[in-house]
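One structure is given below, encoded as structure tokens.
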Amino acid sequence: MIRSIRRLLRNIQSSYEKQVLFSLILFSLIILVWTMLFYYIHNQYEDTSITPLEALIFVAETVTTTGYGELLPFSHDYLWIFVLVMMISGVVMFLMLINLFITPVIQNKVHPVPPASLTYPCAGHVVIFGYNPVILEVLEHIHCLGVDIVLIEEDKTKALMETASLPRLVQVIYGRFDEEKTWNSARVSECRYILFCLEDWISAEVILGLSKKTDARIIVITSGHEADQLLPLCGADILVHSRDIVGTLTARHALLATEPDTLEKNPLMQEILHETSSAFGSCRFVRIPVIPGSIAEGRTISSLRFEEDYQFRLIYLLKRGEIILSPPGDMIIDRSMVLFFIGPGAGLFRLISGAFLARAGDENNAIVAGFGDMGSVITRDLQKFGISCISIDSNPQSGADIIGTSRSVLASADDLIGKARFFLAVTHDDRENLFTTLMVRHANPDVCIFSRCLRPELIPRMYEAGADYVVYVPTILAQAVCRMMLYHDAQILHIIGHSLHIAAKQVTCTRPADVGSLRKKTGISILARDRGKEVVFSLSDAEDIRQGDCLYLMGTEVQIQKAIKKLS
């Protein structure tokens, strides 16, 4: 019996919510018992009788020390003794409640402590180890899907800051990455995905013990290739190489300079198709740059007949950082634009071949400023399909073609800039990338410029300096990671300017509404419907939505959430 009581008390003390519930139940039971006893004793020893309600009111007044005392004075000592006991019990109970409710608030104000456990239970969630700009972008991508996210942080100051600043669906747990207690608090045994964004050796150490505790899919964002063998041995399921993904996605722009008959066989083009694939449905969301000398350059949007001839719909375009939704048909396409399409994946090669390949006869030369992690990968990929590259780096050990700072080298090499068709500013220094972009644009107005940016606030300045396309590494990594996660048969494909989301959703409800009803109730825009590999862009309000359809939607975070709920 004593052992059972001790076990019950330990169970109560293990959770603040249980302590609150226990205190409220105990307080209510005391009021009830005191009311029953007072009702019986009063009617037994006093000349006048009272009702149960009057007994309850008197007990509540006494226990809460309100002390109206309408029934006083009493004629029997038993009642005086009983009322005194009630008063003492009331004071004790209120001291308990003050300690339970008010003391934590005061302590949290004076000496704040980050949470070490979940504030509400969850399952099928994402557990994230580490926090940085990449994780912030990941949160933005999956937050609107209504997925529960648990972020583990072992730095107390960061944990407090993240608890206060992150969206309400993100629960922050303060604890060591390698402690089983922290894993249990995050409920890793019940989660669906685990994402690591730490140093490789820390990730490997944690995964080695964690992988046996969960069946979740473990994704690791890694910065180097030295952990390629170590991390899978420890239990990692997927490795996301930051430099490979960013380098390949940047270099793919130059693919449009290849010949049409080799386009579909090119391994990098196959990788583009894979990177732009949704997890279900046959549609692909793709971004295509307008490179110098391409077929589309100088023509109007309507003259290229994207929907009629290629079955691809133009969603929006980016012109030197400016977002233009539903651009007018008479807008002339130029090399400062990046166009964003949605359409059947099988027609992607035909779209690129028919509208965006470079005209034959143009030379393909590239300058890569920065031969570090990203620049070396970009150079490798460019050279794979015949583009000659000249690399510049200030580090003598880098193996670059020219040693020196990008600005000093380019300032004395006008001929080098004039012959270049592509310029890629991919050093680790945002200022270096900014000013070399400015120099190259001034020296060669026709060159196609890609700039790497590490700080999001500098992205507009990069475009003002003349960049055609700015690579913000965390966004590209987040998109690659989120394509590996699938929740509610839905996926965020793209975010436009941190406000509009483009999502793919497979209809799973048995009796979905029609198109008009979905639009009216959620405010969502339906970009396309994929039914049995038949893609339709323009849907009337009377069109029905069937179970199994794949809808491609565009809207705000709230609108996407509503649509997913309606279609699930």
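Atom set for the values below is all heavy atoms of this structure, side chains included, hydrogens, waters and symmetry mates excluded.
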NZ/NE/NH1/NH2 to OD/OE distance under 4.0 Å, [X] and [Y]:
X      : Y      : value
Lys319 : Asp334 : yes
Glu543 : Arg529 : yes
Arg531 : Asp549 : yes
Arg452 : Asp429 : no

Nearest-0.5 Å distance, [atom1] of residue [X] to [atom2] of residue [Y]:
X      : Y      : atom1 : atom2 : answer
Leu325 : Ile496 : CG    : CD1   : 5.5 Å
Asp430 : Leu454 : CG    : CG    : 4.5 Å
His494 : Ile342 : NE2   : CD1   : 11.5 Å
Glu557 : Ile560 : CD    : CD1   : 9.5 Å
Leu195 : Ile238 : CG    : CD1   : 10.0 Å
Lys566 : Leu518 : NZ    : CG    : 8.5 Å

* Specify whether Tyr469 and Phe450 have parallel, tilted or perpendicular ring planes, treating 30° as the upper limit for parallel and 60° as the lower limit for perpendicular. => perpendicular
More than 12 heavy atoms of other residues, nucleotides or ligands under 6.0 Å from [atom1] of [X]: is that the case?
X      : atom1 : value
Glu457 : CD    : yes
His442 : NE2   : no
Asp544 : CG    : yes
Ile332 : CD1   : no

Donor-acceptor under 3.5 Å ([X] side chain, [Y] main chain):
X      : Y      : result
Ser517 : Asp514 : no
Arg192 : Gly124 : no
Ser391 : Asp401 : yes
Asn365 : Arg421 : no
Arg335 : Asp446 : yes
Arg313 : Phe341 : no
Arg299 : Ser303 : yes
Glu432 : Arg407 : yes
Gln559 : Gly523 : yes
Arg305 : Asp309 : no

Does some side-chain heavy atom of [Y] sit less than 4.5 Å from a side-chain heavy atom of [X]?
X      : Y      : value
Ile315 : Met554 : yes
Tyr472 : Ile459 : yes
Val150 : Ile128 : no
Leu317 : Ile301 : yes
Phe356 : Ile295 : no
Arg441 : Asp468 : yes
Leu567 : Leu551 : yes
Ile502 : Tyr552 : no

* To do: Just do the side chain to side chain contact (heavy atoms under 4.5 Å, CB included) check on Asn395 and Phe371 with the steps written out, would you?
  => CA-CA 9 Å; Asn395 182 9; Phe371 201 63; over 6 Å; no
* **Stepwise salt bridge (charged side-chain N to carboxylate O under 4.0 Å, His left out) test for Asp237 and Arg217** => CA-CA 6 Å; Asp237 296 303; Arg217 197 165 179 81; 5.2 Å; no
Looking only at heavy atoms, which two atoms of [X] and [Y] are closest? And how far apart?
X      : Y      : value
Ser540 : Val515 : O-CB, 3.4 Å
His125 : Cys191 : O-CB, 3.3 Å
Cys389 : Thr379 : CB-CG2, 3.9 Å
Ile495 : Ser499 : CG2-N, 4.1 Å
Ser451 : Met462 : CB-SD, 4.0 Å
Ala467 : Thr437 : N-CG2, 3.6 Å

* Test Val535 against Gln311 for side chain to side chain contact (heavy atoms under 4.5 Å, CB included), laying out the working first. => CA-CA 8 Å; Val535 179; Gln311 286 74 55; over 6 Å; no
* Take Phe196 and Ile221 through the side chain to side chain contact (heavy atoms under 4.5 Å, CB included) test and state the conclusion after the steps. => CA-CA 6 Å; Phe196 283 86; Ile221 299 175; over 6 Å; no
* Result of checking Thr436, Thr405, Asp393, Asn433 against Thr427 for side chain to side chain donor-acceptor pair (under 3.5 Å) -> Asn433
* **Aromatic centroids of Phe340 and Tyr316 separated by under 6.0 Å** => yes
* Show your working on side chain to side chain donor-acceptor pair (under 3.5 Å) between Glu137 and Thr475 and close with a plain yes or no. => CA-CA 6 Å; Glu137 291 288 327; Thr475 298; 3.2 Å; yes
* Asked: Stepwise, does the side chain to side chain contact (heavy atoms under 4.5 Å, CB included) test hold for Lys521 with Lys562?
  -> CA-CA 8 Å; Lys521 291 179 179 178; Lys562 288 181 179 178; over 6 Å; no
